[in-house]
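I have placed the structure first, in the form of structure tokens, so that the comments after it can refer back to it.
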Amino acid sequence: MTTVTMTVNGKSVTANVDPRTLLAQFVREHLRLTGTHVGCDTSQCGACVVHVDGRAVKSCTTLAVSCDGAAVTTIEGLANGAELHPMQAAFREHHGLQCGFCTPGMIMAAVDIVNRKGHVLDEHTIREELEGNICRCTGYHNIVKAVEAGARAMAPGAAAIAAE
Amino acid sequence: MSNTGIGAPVRRKEDFRFITGQGRYTDDIERPGQTHAYFLRSPHAHATIKKLDVSAALATPGVVGVLTGDDLAKDGVGGLICGWMIHSKDGSPMKAGAHPALAQGKVRYVGDHVAVVIAETLAIAKDAAEKIAVDYETLAPVVDMNAATGKGAAVIHDVAPDNRVYDWHLGDKTATDAAFAKAKHVTKLDLVNNRLVPNPMETRAAIGEYDAGNDAFTLYTTSQNPHVARLVLSAFIGIAPEHKLRVIAPDVGGGFGSKIFIYAEETVCVWAAKKVGRPVKWTSDRTEAFLSDAHGRDHLTHAELALDDKGKMLAMRVHTKANLGAYLSTFSSCVPTYLYAPLLSGQYDIPAIYCEVEGIYTNTAPVDAYRGAGRPEATFVVERLVEVAAREIGQDPAAFRRKNFIRKFPHQTPVIMAYDVGDYAASLDKALDLIDYKGLGRRKRDSARKGKLRGLGFSAYIEACGIAPSAAVGSLGAGVGLWESAEVRGNPVGTVEVLTGSHSHGQGHETTFAQLVSDRLGISIDQVAIVHGDTDKVQFGMGTYGSRSGAVGMSAIAKALDKVIAKGKKVAAYALEASEGDIEFKDGRFSVAGTDKSLAFGEVALQAYIAHKFSGQELEPGLKEGAFYDPTNFTFPSGVHVCEVEIDPETGVTKIDRWVAVDDFGVVINPMIVEGQVHGGIAQGVGQALLEGAHYDASGQLVTASYMDYCMPRADDLPSFRVDHTTTPCPSNPLGIKGCGEAGAIAAPPAVINAITDALGHEDVAMPATPQAVWRAAQKAARLAAAE
Ligand code: FES
Ligand code: FES
């Protein structure tokens, strides 16, 4: 067993874990943050995407111990209390989800895309950037729309526009 | 149209929990004292088990139980069943081999269940499973359908010595042959409908739990139809009687058919919970899902279409071999028969049709319903045949279709179905307009200048949904009725709960069903809760599949709402001191005709519960009504999809440049949700056409058992879709709904292949049309062009 300490959604957590524990297992089983999902065994589907020190990672292929000292954000930590993150709101507004299973990973990946590529994203860019996330329900059509709108809404000052 | 009533694109009520990570799927549930199950699976496609020694595994610290097929037999646990009886041409019943949840002496596909190890952790269970000693004697694997029924093939089930489950037919052979004899032109095609793996993103999972004090079981499971699961587990498999078995299907992450069925793992978890005295949890990993979820499609078909000298269709003749895998899954037998052949008339007036289907056992995973279930296979046959026929006789494929469309309704096809209503030409016209059919020639020339090949393909599909009138399906062999039930509970403060037997696993029922209630009762959707997925809460239900939740499930709710309103009128009559006949209900208010006396729905609900204004002899208190709705006919959604592709002959990459879908789903409750269903269906259909294919090698190993090898459609494989509709309301249900869940998956594959073959100028392209396959086909096209 190994001790690991990290900040998850703003709270410091310390746990004794089997060194082979994956970050996805750690957040789901140890912290009971079950919004992070596991959809495959081969790091292909993106259902498990979380942010580690501000960057999207697939938590199914990240060892929990490798995140010692890191700041981790899961889907549960994205909203500001009752106020949804703009990307979450965009997924709802544009019907970017059906069964909801891929959704946490999609939203976390989408926020990361915006962080890397900016607030104005064209369809081609969004589709290419979502390469690591599989959705079986939506055909991606509305996910693309949601990411585009969510990206714009994340821009500083965008809330004022949205409220008009 | 109110802003939350029928027809409004209401944002989904269920989304908040999903976008904030608070959905509750089966694997998210943790029961006190829970243990973890791991299934030891067969590495061989076909083998007898000479010896099975679990003692070392059982002795491993942390292991709480190891169970095998012998234990199932000792406990008298029955095998898994197939619930639809098919009779062969000669009248003999289908040959259903035994299907034990854990192997009893023989394994029949790679992934078949040999034993289960139950331990404190999954890691311990997995490690212990490696200590199980299995002595296999391998048998010749039967993988190829054509070889399976040939001389000398190994026998998979003794009851089916030629590996044929059935040899079935539908239609009038004599009339069909006669029509072919006088045909001017006959189009012939050999088609492969590729095998698919459904792949909902949430894998299957189960937690079995046993309450010794009450001798009662609970099963949490990823099911599209928890009541059917309970029925099968109690009445057939014999786990526990229904009143001692609760099945809960919480949030379910997609199903597409694959979560209809009652599988070995769920059965074992609930049975084993009593054996080990603790909750038993199993969650499939993705490779297990590939190996053991029921697959879809997998047909080999020869089809012929007879035309007269003007290009009018005279008859169709179809012979199909359908791979059913190693065992008959829950509804597998009806998929390539009654869900397939009755759709072969498509949108066309075809006087004679004859179809033969051989159901065949192979040493592969069971094959059952996958989104569309039989109807995509039928549509692929019809729409490929029609397209090729038009090309062969030199007619424009749109005009050829239009000429042969059914125009008078009701229309009795030669293959069971009585189409009630439709306007196929209206959908075609709109689709031609939206795709800019007139501009196709110019676009083809533009592509050619860039060295690319452009093609356009149609798919004018029909499906039979809203499955189905119980008496009708019963006469065709179904083991159950296919009605739906609903209960509407008005609460004293005027809020409403609807208990429904339909199950939502992405379809958005919590929103659309609430819209219906809002529309009928004039209350806000926020005052409505939709309850589903728990056999202890909902009395009964047949579940969600076959695009039936709107047409059948909501019709049951509508019926119950009518009863609630009727009861409300009685209550209002007492409360308003008027005669019942004078009470009107409109916009959420009960009023006395011709007066300004009225009460809101909530006020009447309160009166119903406090019961101060009437005596119990006159009227029962309360405001709760139930209804069962049994449809009177199938519903017949239809439409035209048009796909336009551009192919790079150098790389074989097919780019979908445009997609137009014009569907007629009858009345639409929530257009946003319906369009989402269409998008998702098209994506799965495009997946089948371009990317996906489950492939077994000659030894029966599934070589496409992960996302590394099985190509799922991703965002950059697909375009945005242009989705529109026409409307002919369905006459057979109170809401006019036809159903939308499967349309895209049904329509898409032939649209894609018709587009690719149009671009290439020859018909020799099979699904999946991967870049390699298309590159080869483009080479062939170039050779053909050079030879001309
Ligand atoms: S679960 Fe991490 S990529 Fe699929
Ligand atoms: S919403 Fe179901 S997998 Fe994406």
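Below, chains carry the letters A, B, ... as their sequence lines are ordered, and counting in each starts from 1.
At a 4.5 Å heavy-atom cutoff, the contact between B:F721 and chain A is made by backbone and side-chain atoms alike. Both the backbone and the side chain of A:R92 come within contact range of chain B, with heavy atoms under 4.5 Å apart. Both the backbone and the side chain of B:D27 come within less than 4.5 Å of a heavy atom of chain A. If you measure heavy-atom distances from B:E30 to chain A, the contacts under 4.5 Å come from both the backbone and the side chain. Residue B:I29 touches chain A through its backbone alone, counting heavy-atom pairs closer than 4.5 Å. Both the backbone and the side chain of B:E202 come within less than 4.5 Å of a heavy atom of chain A. With a threshold of 4.5 angstrom between heavy atoms, B:I682 does not approach chain A through any atom at all. For a residue to count as touching a neighbouring chain, one of its non-hydrogen atoms must lie under 4.5 Å from one of that chain's; by this rule B:V252 touches chain A with the backbone only. Neither the backbone nor the side chain of B:Q507 comes within contact range of chain A, judged by heavy atoms closer than 4.5 Å. Interface residue A:E123: only side-chain heavy atoms are found under 4.5 Å from chain B. With a 4.5 angstrom heavy-atom cutoff, B:M708 touches chain A via backbone and side-chain atoms both.
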Could you walk me through whether B:R286 and B:N199 satisfy the side chain to side chain donor-acceptor pair (under 3.5 Å) test, starting with their C-alpha distance in whole Å, then the side-chain angles of each, then the deciding distance to 0.1 Å, before giving a yes or no? CA-CA 9 Å; B:R286 184 56 63 183; B:N199 271 304; 3.0 Å; yes
Please determine whether salt bridge (Lys or Arg N to Asp or Glu O under 4.0 Å) holds for the pair B:K126 and B:E288, giving the CA-CA distance in whole Å, both sets of side-chain angles, and the decisive distance to 0.1 Å. CA-CA 13 Å; B:K126 278 187 182 176; B:E288 285 184 286; over 6 Å; no
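The pair A:K117-A:E128 does not meet the salt-bridge criterion, since no charged nitrogen lies less than 4.0 angstrom from a carboxylate oxygen. Under 4.0 Å is where a charged nitrogen must lie from a carboxylate oxygen, and between B:D28 and A:R28 at least one such pair does. Between B:K655 and B:D657 a salt bridge is recorded (basic side-chain N to carboxylate O distance below 4.0 Å). With respect to B:E692 and B:R371, no salt bridge is recorded, no charged nitrogen being found less than 4.0 Å from a carboxylate O.
Put simply, of A:I75, A:D41, A:T36, A:T42, the one with the most heavy-atom pairs under 4.5 Å next to chain B is A:D41. In terms of non-hydrogen atom pairs under 4.5 Å with chain B, the most contact-rich of A:G35, A:C45, A:C99 is A:C99. The choice from B:A683, B:P200, B:G680 that makes the most heavy-atom pairs within less than 4.5 Å of chain A is B:G680. For chain B, the option among A:I107, A:L97, A:T103 with the highest count of heavy-atom pairs below 4.5 Å is A:L97. Comparing B:A715, B:G506, B:G21 by how many heavy-atom pairs each has under 4.5 Å with chain A, the most go to B:A715. Contacts with chain B were tallied for A:I143, A:T138, A:V144; A:T138 has the most, counting heavy-atom pairs under 4.5 Å. Counting heavy-atom pairs closer than 4.5 Å to chain B, the top-ranked of the candidates A:I134, A:N142, A:D18, A:L130 is A:I134. Between chain B and the options A:T74, A:V38, A:L78, A:L84, the largest number of non-hydrogen pairs under 4.5 Å is found for A:L84.
Rounding to the nearest 0.5 Å places CH2 of B:W659 at 14.5 Å from CG of B:L434.
Nearest approach of B:T511 to B:R12, heavy atoms of both residues: OG1-CA, 3.1 Å.
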